[in-house]
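Here's the structure we're looking at; comments come further down.
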Amino acid sequence: MSSVDRVAYMDNIRSSQIAEQINREKDIQRKYFQEQEAAGRIVPKPPSPAPERKSILETVGVPEHVKTIKQDPEQALSLSISKHTWKANPGYLVRDGPSMASVMKKDYVWDEEEIQLMKEQGLLDKKYNRRRDEFVDYSEASARMIHLKKGAAPAK
């Protein structure tokens, strides 16, 4: 142990002794005042009122971009629409701009020329198909075990 280590070690012991002494003095002082209050020699100090807490809105405030959105009627309308349709989660076609993708059955029919091109490029090769292997079995068994450990949800 070098001299620097020894000094730090001694300082650490000394600081813990000082902290312990301060805590003991506080306990002695607290017991003394409790005894004096119980004997009626001093008037107990009334508890201090709790500080008033600000709400998060008062602390943080409203962001500037929200204020500008509310002032612009077009942005406010688009915000309101997106707020109320967030569960719909429509798909958007990037090539057509912000127009909603159709969900009709005829839109899911594959173009034969496109399929032929993908076959020629090798994109539809069977090697890309996912097979069940030992890792998949392990993952599913692990997920089942975690679910069982948590306990099944109560039946309604």
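When reading the values below, keep in mind they use all heavy atoms of this one structure, side chains included, and skip hydrogens, waters and symmetry mates.
Atoms CD1 and CD, from Ile22 and Gln17 in turn, are 12.0 Å apart once rounded to the nearest 0.5 Å. To the nearest 0.5 Å, atoms CG (Asn23) and CD1 (Ile28) are separated by 11.0 Å. Between the CD atom of Glu140 and the CZ atom of Phe135 there is a distance of 10.5 Å, given to the nearest 0.5 Å. Separating the NE2 atom in His147 from the OG atom in Ser142 is a distance of 13.0 Å, to the nearest 0.5 Å. Here the CD1 atom belonging to Ile42 is positioned 10.0 Å from the CD atom belonging to Gln34, to the nearest 0.5 angstrom. Put simply, CD on Glu113 and CG on Leu117 are 9.5 Å apart, with the number rounded to the nearest 0.5 Å.
More than 12 heavy atoms of other residues, nucleotides or ligands lie within 6.0 Å of CD in Gln121, so this atom counts as buried by the packing criterion. Atom CG of Leu57 sits in a crowded spot, with more than 12 heavy atoms from other residues, nucleotides or ligands closer than 6.0 Å.
In this structure, the side chain to side chain donor-acceptor pair (under 3.5 Å) partners of Asp27, at least two apart in sequence or on a different chain, are Arg30. Residues passing the side chain to side chain donor-acceptor pair (under 3.5 Å) test with Arg24, sequence neighbours excluded: Glu20.
Of all non-hydrogen atoms in Glu37 and Lys45, the two that sit nearest each other are OE2-N, 4.2 Å.
A donor-acceptor contact shorter than 3.5 Å is absent between the side chain of Gln75 and the backbone of Asp72.
No side-chain heavy atom of Ile115 sits less than 4.5 Å from a side-chain heavy atom of Asp111. Between Gln29 and Glu25 there is no side-chain heavy-atom pair separated by less than 4.5 Å. Proximity of Asp133 to Val136: side-chain heavy atoms (C-beta onward) are separated by under 4.5 Å at one or more points.
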